[in-house]
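By convention in this document, chain letters (A, B, ...) are assigned in the order of the sequence lines, proteins followed by strands, and residues within each chain are numbered from 1.
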Protein chains: 2
Amino acid sequence: MTRVDGQGVDSQKNGGLSRIQERNRSLILDAALSEFSKKGFSGATVERIAAEAGMSKSNLLYYFSTKEAIYKATLAHILEVWLAPLKMLDADGEPARELAAYIRQKIQMSADYPQASRLFANEVMQGAPQILPILEGDLKRLVEEKAKVIETWIETGKMQRIEPVHLIFTIWATTQHYADFSIQVKALTGRDLSDPVFFEETVASVTGLLLNGIGLTVPQDGGA
Amino acid sequence: MTRVDGQGVDSQKNGGLSRIQERNRSLILDAALSEFSKKGFSGATVERIAAEAGMSKSNLLYYFSTKEAIYKATLAHILEVWLAPLKMLDADGEPARELAAYIRQKIQMSADYPQASRLFANEVMQGAPQILPILEGDLKRLVEEKAKVIETWIETGKMQRIEPVHLIFTIWATTQHYADFSIQVKALTGRDLSDPVFFEETVASVTGLLLNGIGLTVPQDGGA
DNA sequence: GAGCGATTTGACCAAATGGTCAAGATGCAA
DNA sequence: TTGCATCTTGACCATTTGGTCAAATCGCTC
């Protein structure tokens, strides 16, 4: 009857979970991402998550003792992946290449993990009840660091002047739009990022527009 | 005991509601926008909407017989306002002026009606269960019409080539980002659109970036 | 294969919530 | 003032849902 919750009591080995725990937590988190991203926190039900994970509600509650705990774990699980691309912006690279690669990566993320994008958007739109501290802490530091990188590029004349943070917001907003609003995109164009042609068309349009906007030319490989 | 619902039985005059109905429906829709935009459809409760509207739950249900009816009415109420700016894009104007004005207007909307923006975003992210027909109908026609306007500008050499629909998406995504993600914007910059200085800074940055991106120069008045 | 903790589940509970209903209060025309 | 439709509400109900619990089953070590 020991609860496994959160960082869990590491029953046997040092820091690891048992094979069963590993598998079930993973199944739960996948199901939770699907459910939360589709219905939001309030609209999701523990029972549906359990069903999608292939276990009883009671058993799910054995691994995560509350709905909120599932939600937090799901958020934590995707957050690292979600913010990874920005970390790669390299001050020593050429702005055009770096930004083109960043934009492509972000659009790729929107294509590969639209649910994660929507979950994150949902959380922030509700006022970021769970992740506000992260936004104000880690994310803020990261953005300030990368803003400095952009500022350096501007000061060394490598690109046009712009408020770095607004450039970052524009890249986030635009790239994530294709995931979060994919239903609308599909309704208006008949296609979405799952279509490889539309994907490349989107990368080309967005990269062209934004790089052009700061006085850069898209590299031949388009950031690929 | 007659229900007032939807388009309502116009009890007395021709097409009009009684003074009391007018007032209460308006109070309800305001409260509903606040509640739905904050909590989403599932997270919102009829009781809280009623409380915020200053009446009993029962009375609210007298005006809108189901939660879904309130939600639909709220959406319908904001949708027209929300899509209005795009309609003003004028094929006969100069692209720079027209687009600068459009961008400013959209950011102004994000500043003035952030709740409407979030409600709309929420609805679309959940798969647009209520407004999909509108997206595929009226909105699609409108976007196609305006895409043609942009296409004309391109063909007459007034602006650089870009896929018009992607330009529209980028403008939507970016301008609405400042409303939908305002908590994040605030966490990262310490400010949001309610700060007049930040508002103008945002208009300048976004307008500069996007107009530049299609080979245009921002008009002196910045679209104001 | 015995023993014991880890895992799994169905039965159950309490709170929240959307919606109904009958009765009372109010506004207004004659 | 009377009469009637509009408006308003508290009491109430059925369902959904997050979470508890005791009992059963499983898996692994000795």
Side-chain angles (χ1 to χ4, degrees), chain A residues 1-14 16-28 31-32 35-36 38-74 129-130, chain B residues 1-14 16-28 31-32 35-36 38-74 129-130:
Chain A
M1 238 304 164
T2 330
R3 274 286 151 61
V4 180
D5 240 335
Q7 306 323 320
V9 189
D10 32 17
S11 38
Q12 31 226 60
K13 313 291 165 54
N14 30 22
L17 307 170
S18 80
R19 197 151 63 259
I20 294 177
Q21 282 175 34
E22 194 87 49
R23 180 177 53 87
N24 281 346
R25 286 181 61 99
S26 172
L27 285 172
I28 292 169
E35 174 77 358
F36 283 128
K38 243 173 277 181
K39 311 289 190 74
F41 177 78
S42 317
T45 80
V46 175
E47 179 128 27
R48 262 199 304 263
I49 296 174
E52 195 171 327
M55 68 186 70
S56 68
K57 184 176 69 159
S58 300
N59 201 24
L60 190 158
L61 266 331
Y62 168 71
Y63 289 96
F64 296 91
S65 56
T66 67
K67 182 184 182 183
E68 196 180 306
I70 312 171
Y71 181 67
K72 282 182 180 173
T74 308
Q130 303 299 334
Chain B
M1 240 302 166
T2 329
R3 273 287 151 61
V4 179
D5 242 335
Q7 307 321 324
V9 189
D10 35 15
S11 40
Q12 33 227 60
K13 312 289 165 54
N14 30 21
L17 308 170
S18 80
R19 197 152 63 259
I20 294 178
Q21 282 175 34
E22 193 89 50
R23 180 176 53 88
N24 282 347
R25 286 182 62 100
S26 171
L27 284 172
I28 292 169
E35 175 78 358
F36 282 129
K38 243 173 276 181
K39 311 290 189 74
F41 177 78
S42 317
T45 79
V46 176
E47 177 127 29
R48 262 199 304 263
I49 296 174
E52 195 171 326
M55 68 186 68
S56 68
K57 185 176 67 160
S58 300
N59 201 24
L60 190 157
L61 267 330
Y62 169 71
Y63 288 96
F64 296 91
S65 57
T66 68
K67 184 184 181 183
E68 196 179 307
I70 311 171
Y71 181 67
K72 283 182 180 172
T74 307
Q130 303 299 334

Using a cutoff of under 3.5 Å, can you pull out all pairs of nitrogen or oxygen atoms linking the protein to nucleotides 24-30 of chain D, with atom names and distances?
none

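Between B:Leu60 atom CG and C:dG19 atom P the separation is 11 Å, expressed in whole Å. As a whole-Å value, the separation of A:Arg25 CZ from C:dT8 P is 13 Å. Spacing between atom CD1 of B:Ile70 and atom C1' of C:dG18 amounts to 10 Å, rounded to whole angstrom units. Between B:Glu68 atom CD and C:dG18 atom P the separation is 13 Å, expressed in whole Å. Regarding A:Met55, its CE atom lies at a distance of 16 Å from the C1' atom of C:dG10, rounded to whole Å. As a whole-Å value, the separation of A:Leu61 CG from D:dT17 P is 14 Å. Remark: P of C:dA6 and OH of A:Tyr62 are 7 Å apart, rounded to the nearest angstrom. What separates OH of B:Tyr71 from P of C:dG19 is a distance of 15 Å, to the nearest Å.
Under the rule for a side-chain contact (heavy atoms from CB on, under 4.5 Å), the partners of B:Ser56 that lie at least two apart in sequence or sit in another chain are B:Ser58, B:Asn59. Residues meeting the side chain to side chain donor-acceptor pair (under 3.5 Å) test with A:Glu52, sequence neighbours left out: A:Ser34.
Residue pairs satisfying the salt bridge (Lys or Arg N to Asp or Glu O under 4.0 Å) criterion with at least one member in residues 57-74 of chain B, sequence neighbours excluded, are listed as follows: B:Glu68-B:Lys72.
Side-chain proximity of B:Asn24 to the nucleotides C:dG10, D:dT8, C:dT8 is greatest for D:dT8. For B:Tyr63, counting side-chain heavy atoms from C-beta on, the closest listed nucleotide (C:dC21, D:dC21, D:dC7) is D:dC7. The side chain of A:Arg23 lies closest to C:dT8 when the candidates are C:dT8, D:dG18, D:dT8. Listed nucleotides D:dC21, C:dG18, D:dT9 differ in distance to B:Ser56; the shortest reach to its side chain belongs to D:dT9.
Counted within 6.0 Å of CD on A:Gln130, heavy atoms from surrounding residues, nucleotides or ligands total more than 12; the atom is thus considered enclosed.
Ring-plane geometry between B:Phe41 and B:Phe36 is classed as parallel, the angle between the planes falling under 30 degrees on a 0 to 90 degree scale with a further cut at 60.
In this structure, the separation between OH on B:Tyr71 and CD1 on B:Ile49 is 11.0 Å, given to the nearest 0.5 Å. Considering CE of B:Met55 and CG of B:Asn24, their distance stands at 4.0 Å, rounded to 0.5 Å.
Residue A:Ser18 has a polar side-chain atom (N or O) positioned under 4.0 Å from OP1 or OP2 of C:dT7. The side chain of A:Asn59 contributes no N or O atom lying less than 4.0 Å from OP1 or OP2 of C:dT7. Here A:Gln21 does not reach the OP1 or OP2 of C:dA6: none of its side-chain N or O atoms lies under 4.0 Å away.
Looking at residues 39-54 of chain B, you'll see that no heavy atom sits under 4.0 Å from any atom of DNA chain D.
Not a single donor-acceptor pair, N or O on each side, falls under 3.5 Å between the base of C:dG19 and the side chain of B:Lys67. At a cut-off of 3.5 angstrom, counting only N and O atoms as typed in the model, there is no donor on one side facing an acceptor on the other between the side-chain of A:Thr66 and the base of D:dG19.
The side-chain heavy atoms of B:Thr45 and B:Lys39, taken from C-beta on, include no pair separated by under 4.5 Å.
Heavy-atom minimum distance, A:Ala73 versus A:Phe64: CB-CE2, 3.6 Å.
Judged purely by atom type and a 3.5 angstrom limit, A:Thr74 uses its side chain to pair as donor or acceptor with the backbone of A:Ile70.
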